[in-house]
4 protein chains.
Amino acid sequence: MTDMTEALPISTGRRGGPPRSEEARLAILRATARLFLERGFGHLSIEGIAAEAGVGKQTIYRWWPGKSDLVAEALIEGFLMPEHFAPSFTGTLRDDLASWMRIVLDFVDDPGHDEMLRSLLAAGTTNPAIGERIRERLGADGDLVHRLEKGVTDGELPPTAPISSIIELLVGAIVLRVFAPSNRDDGEAERLVDVVLGTHTARGQ
Amino acid sequence: MTDMTEALPISTGRRGGPPRSEEARLAILRATARLFLERGFGHLSIEGIAAEAGVGKQTIYRWWPGKSDLVAEALIEGFLMPEHFAPSFTGTLRDDLASWMRIVLDFVDDPGHDEMLRSLLAAGTTNPAIGERIRERLGADGDLVHRLEKGVTDGELPPTAPISSIIELLVGAIVLRVFAPSNRDDGEAERLVDVVLGTHTARGQ
Amino acid sequence: MTDMTEALPISTGRRGGPPRSEEARLAILRATARLFLERGFGHLSIEGIAAEAGVGKQTIYRWWPGKSDLVAEALIEGFLMPEHFAPSFTGTLRDDLASWMRIVLDFVDDPGHDEMLRSLLAAGTTNPAIGERIRERLGADGDLVHRLEKGVTDGELPPTAPISSIIELLVGAIVLRVFAPSNRDDGEAERLVDVVLGTHTARGQ
Amino acid sequence: MTDMTEALPISTGRRGGPPRSEEARLAILRATARLFLERGFGHLSIEGIAAEAGVGKQTIYRWWPGKSDLVAEALIEGFLMPEHFAPSFTGTLRDDLASWMRIVLDFVDDPGHDEMLRSLLAAGTTNPAIGERIRERLGADGDLVHRLEKGVTDGELPPTAPISSIIELLVGAIVLRVFAPSNRDDGEAERLVDVVLGTHTARGQ
DNA sequence: GTGTAACCGAGACGGTACGTCTAGTCTTGTA
DNA sequence: TACAAGACTAGACGTACCGTCTCGGTTACAC
């Protein structure tokens with residue numbers, strides 16, 4: 001049917017028909033973000049997104065399997081929680097980590113973010129990509145690892161320190177705080193960091 | 001909350017008519033548990049529960065505000081996750097905590113529990129009572145505190161140790177593991193405990 | 001489950017729950033009629049009927065299998081084509097039949113009825129009840145038979161006259177006229193009647 | 001319709017580009033016929049036809065206004081109901097007509113044809129061309145007229161006989177039979193013919 | 001030859017409606 | 001009054017098609 005002798009565009013996605021509309025894609029993600037922030041994941045509906053975006057429902061179903069995938073992509077594209085938290089490399093390990101933790105906890109404890117974060121968690125129970133994206137936004141996958149590794153080379157942490165476990169504990173404490181809000185006093189960020197670094201005994205707590 | 005004085009003939013909380021049917025209540029909770037475990041929180045419906053329990057929908061709406069409350073009560077009554085995890089008091093703090101953590105992590109990592117736990121998390125994002133109940137089941141509210149306090153009196157932990165923060169970190173790591181499964185190698189339980197106790201440097205990790 | 005020893009309310013339709021709402025039923029049929037007349041059978045939608053009637057879609061699907069059944073019932077209830085055509089018994093058979101036919105043909109040929117009648121035919125291809133109802137409205141099932149039988153007793157028709165075939169031919173000609181409009185000159189009604197009565201040769205056509 | 005004057009350089013029907021693909025046209029009509037016979041007019045879809053024919057939807061919309069037109073053309077091309085019924089000219093008018101009617105009624109009463117004929121009727125309520133085509137297939141436009149005219153010249157019918165009305169009645173009875181199936185006994189064909197020819201009294205009915 | 005115009009298959013688009021499912025409320029009859 | 005049953009309005013679900021538009025590619029005629 002088609003000429004086999006020429007260059008053969010190896011594995012081109014083109015299969016006939018017009019290309020996917022980027023305009024529609026962005027309108028959908030924007031609508032998703034807007035409604036998610038406004039009403040939460042539980043009251044998010046494909047129907048509502050389609051209407052808000054001025055798009056047919058099929059255009060959504062054509063490209064996304066379900067609403068949690070929409071949320072995941074909106075998150076990736078930065079329509080949801082554009083913040084990115086990274087520890088600084090300017091002070092001691094303990095101080096850099098503590099100030100990072102303080103910023104994250106301030107964000108998480110902000111009542112204005114509560115609904116959104118709980119909704120994100122709800123969406124995440126369905127879609128692993130959302131969990132990954134949240135970790136990434138918290139800096140847990142890159143910057144945090146780097147900072148801790150620098151702590152090792154700087155001699156602030158023993159070479160045997162289980163870096164990923166430390167991160168797991170810190171991120172876990174953050175997520176738990178969204179899931180089941182606990183004590184919110186001012187020193188909590190430092191306290192958590194001190195526990196995982198073993199520096200609390202040295203301090204006058 | 002209702003009627004503390006008994007036997008008051010006039011204007012009591014008792015308002016005439018038959019008392020609440022315990023039979024119906026239990027049938028509803030049992031049906032909730034069965035459908036929750038079978039299909040997950042996302043596919044749980046009041047309609048389905050009523051049908052499964054052989055009960056009118058109104059009987060459910062009369063006593064519970066929403067489905068997450070049903071799940072919370074089913075959890076409390078032990079129809080869901082009857083397990084209760086408590087650390088032992090028989091060895092060193094580090095060992096008691098590590099074996100507790102190992103048992104919890106084994107439970108959490110069991111693929112057969114994954115759906116249920118994620119569903120529980122999803123339900124928890126809506127209803128704080130569920131989060132509290134999960135903490136309680138993990139022993140985080142009582143036994144764990146006691147074990148750590150004993151660690152202080154035993155001199156295994158300094159008096160200044162921030163017990164609640166330590167628990168926050170451990171429980172957080174557990175919840176995070178449900179939310180976003182990470183590395184599942186065998187030493188993780190010990191490693192996490194060692195980090196929060198500051199005992200990891202002493203060990204040959 | 002239920003006590004089999006007592007009176008047993010033999011086959012009572014009542015199975016608990018409120019009785020069917022007559023109000024909703026009539027609102028639905030009225031809406032069906034209105035939209036049918038306005039837009040025709042092809043553009044009739046359950047969704048539109050529900051909206052027009054101020055009713056949930058499920059209430060329609062609960063009681064009617066499809067839209068042609070709605071149309072059939074609207075027809076039965078007289079919301080559609082309330083006219084009823086019956087031949088008179090006052091003149092000769094030929095004259096009574098001819099004037100009946102003239103009235104029917106005038107109705108059928110009225111451009112204002114064309115859409116409705118074609119739509120009725122379309123609905124009838126799906127649902128036999130509609131065809132029956134149309135025959136009934138044309139008087140084909142009762143009055144016409146009676147008039148022809150009177151023709152036999154009056155000696156205007158031989159006792160062997162195949163009455164039902166005569167009616168079949170007349171009704172067929174009417175239906176065909178809706179389906180595929182043909183010549184509409186003034187004498188057609190008489191001509192058709194004369195043919196089936198064998199009276200045309202006697203006339204100066 | 002196209003190009004009346006030849007050789008006109010400007011504003012000819014030909015406007016450049018390849019001629020219409022006969023292959024595509026036939027594939028479409030064949031697919032239309034297949035799906036029409038398989039699923040009926042109500043479940044016929046342009047989308048389905050395009051897929052079945054291996055053709056783009058636009059190729060259909062380019063040449064046909066709607067699906068009833070596709071059905072009409074499929075009917076014309078003989079993909080649907082290829083039968084053609086014509087009365088013979090070999091016996092008396094009454095016998096030729098009766099045997100024609102018997103054949104037509106056998107065809108119409110065949111349960112295997114019922115769905116198709118009702119679908120054809122449904123399509124016909126939308127598109128007059130279909131009605132015309134059905135008449136033509138029944139022989140109602142040509143052969144039947146000729147046979148009746150021969151009956152006049154043979155003296156079997158008076159010169160005043162309203163031939164088109166007779167045909168109207170016969171065809172009407174046939175169509176009515178599809179629309180609302182009635183008695184199907186064996187003598188019906190003869191009886192109908194006898195009524196319109198006025199020959200029934202002469203017979204021992 | 002090289003445009004230009006219309007053809008073709010493919011399929012994305014904004015929509016409408018489908019028939020199903022569930023939410024939460026209301027209305028029966030029975031105990 | 002609680003209960004089982006179930007009808008009610010409301011509206012989201014995911015699917016099927018509608019008719020239009022847009023690709024990339026392919027003919028045919030006109031220059």
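Labels below follow one simple rule: chain letters A, B, ... track the order of the sequence lines, proteins then strands, and each chain is numbered from 1. Keep in mind it's a predicted model, so treat the numbers as computed, not measured.
Proximity of A:Ile46 to A:Lys67: side-chain heavy atoms (C-beta onward) are separated by under 4.5 Å at one or more points. Considering only heavy atoms from C-beta on, C:Phe79 comes within 4.5 Å of C:Arg30 through its side chain.
Side-chain atoms of C:Gln58 come within donor-acceptor range of the base of E:dC21, with a qualifying N/O pair under 3.5 Å. With hydrogens and angles ignored, a donor-acceptor pair closer than 3.5 Å exists between the side chain of B:Lys57 and the base of E:dG24.
In this structure, the CD1 atom of D:Ile60 is 9 Å from the P atom of E:dG9, given to the nearest Å. The distance from atom NZ of D:Lys67 to atom P of F:dA16 is 15 Å, rounded to the nearest whole Å. In this entry the distance linking CD1 of A:Ile46 with P of F:dG11 reads 18 Å, nearest Å. Rounded to an integer number of Å, the gap from C:His43 NE2 to F:dC18 C1' is 11 Å. Separating the CZ atom of B:Arg62 from the C1' atom of F:dA4 is a distance of 10 Å, rounded to the nearest angstrom. Nucleotide F:dT22 holds its P atom 12 Å from the CD atom of A:Glu23, rounded to whole Å. The distance between atom CD1 of C:Ile28 and atom C1' of F:dA7, rounded to the nearest whole Å, is 11 Å. Whole-Å rounding puts the A:Arg25 CZ to E:dC13 P distance at 12 Å.
Nucleotides of DNA chain F nearest to D:Gly48 and B:Glu22 differ in position, and the one nearer the 5' end is that of B:Glu22. In this structure, B:Leu44 and A:Gly54 both approach DNA chain E, and ranking their closest nucleotides by distance from the 5' end singles out A:Gly54. Place D:Ala53 and C:Pro65 on DNA chain E by their nearest nucleotides, and D:Ala53 ends up nearer the 5' end.
Considering only side-chain atoms of B:Pro18, the nucleotide from F:dT22, F:dA7, F:dT1 that sits closest is F:dT1. With distances taken from any side-chain atom of B:Tyr61 to the nucleotides E:dA23, F:dA4, E:dC18, the minimum falls on E:dA23. Closest to the side chain of C:Glu47, out of E:dA17, F:dA4, F:dT1, is E:dA17.
Using a 4.0 Å heavy-atom distance criterion, C:Ser45 is classed as a sugar-phosphate-only contact.
Panel note: side chain B:Arg118, backbone A:Gly124; a donor-acceptor pair is recorded below 3.5 Å.
Considering only side-chain N and O atoms, B:Thr59 lies under 4.0 angstrom from the phosphate OP1 or OP2 of F:dA4. Between B:Trp63 and F:dC3, a side-chain N or O to OP1/OP2 separation shorter than 4.0 Å is present.
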Evaluate the criterion side chain to side chain contact (heavy atoms under 4.5 Å, CB included) for residue pair D:Thr32 and D:Ile28; output intermediate values, then yes/no. CA-CA 6 Å; D:Thr32 299; D:Ile28 289 165; 4.1 Å; yes

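In A:Glu23, the CD atom is not crowded: 12 or fewer heavy atoms of neighbouring residues, nucleotides or ligands sit closer than 6.0 Å.
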